[in-house]
Amino acid sequence: MCFVCVLSCTRMAEQPHPVREFHQSHNQIALLDVNVRGGAEYADIIRFLRNSRIGFTISENIHLVQAYIDDFWRTARVVDDTIEATVSGSSIVITEAVICAALRFGDLDHGNACYVRQIRERGVKSFGYADSFDKKEISKALFLGQWSFFFHVLMQCLSPRKSGTDTMSNDLVSGMIGLTYNQPYNFSLMIFQALKHQIGLKANDKRLMILYPRFLCLIFRHLLPNLSFEGTLPAYALAPMANRIFTDCAKVNGSKRTDARPVPTSLCGAILQDNYNPEADFQWLNIRDGIDHIFVGDTQEPVVVQPQVDLQ
C-alpha cells in the first residue's frame, strides 16, 4: 500500500466518533388522556389526534433498547438515497418508504416536506393565529387552547429539535395544516431528511443528539421482527409529557394575544373514526369549502409545494 493511502486511512481512523446525548423530552409520547386534570376541555383535539394519520406515531410506546440505538448511531451512513446501518449484528436499510410503513402514516404521506409561504400563512390564520406572519417561525403562545395543544404535541413528538419547542418552523407548520385539512403532507420525508442531516454532522457540532430514538426503535421492529424489545433490556427512558400542559395551554397572555380571535376552523374534517361519513357532516363540508382558499392560488391554479425542512 502506498504511503498516501496509509496516511489517509490513518487519518480516517483517528477522526473522533461523534458523541450524541439522549434528551428525555425529545420524541415523546403524546399525553392523550381526557381524564387528566384539565384534559376534558381538550377532548376534541385529543380525539382528533388519536384518529388522525399521526395517531400511531405520537402514541405508540416501545422499549428504547440502548444497545440497538447506539449500534445505529455508531454505524449509520447515508448511501445514495438510503440510510444503511447495523443493529444487533443485522444490516438494515432505511428509506422514506420504510419510515412511512413503520410509523403508519398512511396514504396521504407523500409529496414534499413544506408548503409554500402562501399556504402556510393562510393556514395558520384559519387557526386563529394572533400575530403577523412576518417572523421566521410561529409561536405557541399566540395560539388559543386546543390549537396550542396541537402545536405542543407536534413539537414534542415529531420535531427534530432537542430544544426551542415553543416556536415552530415551516416544516411542521405545513404538517399541522395538512393534518387539519386532510391534505397530503410528507412526514416520512421530513423525518428521513432530519436523520440524514444528523448522520452527516461532524464531531463537536452543537446539534449532535440521539435523534428520534422512539421512531428508530419502531423502525427496527418493523425491519427486524425477531429483535427483542423486552423490558429487562437496558434502555433509554423518555420523560412523560407533563400533565400541566392542559392548564398551560388554557392560559391567555393578554400582552401577546391582543389580536387573538375565536378559532373558526373545525377539527372534524380530518378525523378518521370508524363509521364516520364526512359527506353527511356539515362541519366537514365547511372545511372542504375552505380548502380552496388555503391551497389554491389567487389565479385559481394549484400552489406548488416546495421541499424544505428546518433541522436546527
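Computed from heavy atoms alone, side chains included, the values below leave out hydrogens, waters and symmetry copies. We number each residue from 1, following the sequence as shown.
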**OP:** Using side-chain contact (heavy atoms from CB on, under 4.5 Å) as the criterion, point out the one residue from Thr57, Leu103, Leu172 that pairs with Phe187.
**Re:** Leu172

**OP:** Mind listing the closest non-hydrogen atom pair of Met209 and His23 along with its distance?
**Re:** CB-CD2, 4.0 Å

Original post:
For Thr86 and Ser91, which heavy atoms make the closest approach, and how far apart are they?
Top reply: OG1-OG, 4.3 Å

Original post:
With a 6.0 Å cut-off on ring centres, are Phe229 and Tyr68 close enough?
Top reply: yes

Original post:
How close do Leu211 and Trp73 get, heavy atom to heavy atom, and via which atoms?
Top reply: O-CZ2, 3.5 Å

Original post:
Under the salt bridge (Lys or Arg N to Asp or Glu O under 4.0 Å) test, which residues partner Glu60, sequence neighbours left out?
Top reply: Arg221

Original post:
If you look at every heavy atom in Phe220 and Leu227, which pair is closest and at what distance?
Top reply: CB-CD2, 4.0 Å

Original post:
With a 6.0 Å cut-off on ring centres, are Phe150 and Phe48 close enough?
Top reply: yes

Subject >> Atom pair OG/CZ of Ser159 and Phe151 - distance to nearest 0.5 Å >> reply: 9.0 Å

Subject >> Ionic contact status for Asp70 with Arg20, cut-off 4.0 Å >> reply: no

**OP:** Classify the angle between the aromatic ring planes of Phe22 and Tyr236 as parallel (below 30°), tilted (30 to 60°) or perpendicular (above 60°).
**Re:** parallel

Original post:
For atom CD of Glu121, is the number of surrounding heavy atoms from other residues, nucleotides or ligands below 6.0 Å larger than 12?
Top reply: yes

**OP:** Would you mind telling me which of His26, Arg161, Lys140, Gln28 makes a side-chain contact (heavy atoms from CB on, under 4.5 Å) with Met155?
**Re:** Arg161

Subject >> Donor-acceptor pair, side chain of Arg214 and main chain of Asn27, under 3.5 angstrom >> reply: yes

Subject >> Atom pair CG (Asp71) and CZ (Arg74), whose distance is rounded to the nearest 0.5 Å >> reply: 4.5 Å

Original post:
Is there a side-chain contact between Val93 and Val98, using heavy atoms and a 4.5 Å cut-off?
Top reply: no

Original post:
What heavy-atom pair brings Ile177 and Val124 nearest, and what distance separates the two atoms?
Top reply: CD1-N, 4.2 Å

Original post:
Is Asn170 close to Arg120 at the side-chain level, that is, under 4.5 Å between some pair of heavy atoms?
Top reply: yes

**OP:** Indicate whether any N or O donor in one side chain lies under 3.5 Å from an N or O acceptor in the other, for Arg207 and Gln198.
**Re:** no

Original post:
In terms of heavy-atom contacts, does CZ of Arg117 have more than 12 from other residues, nucleotides or ligands at under 6.0 Å?
Top reply: yes

Subject >> Distance-minimising heavy-atom pair for Tyr42 and Phe246 >> reply: OH-O, 3.0 Å

Original post:
Between the main-chain N or O of Cys114 and the side-chain N or O of Asn112, is there a donor-acceptor pair closer than 3.5 Å?
Top reply: no

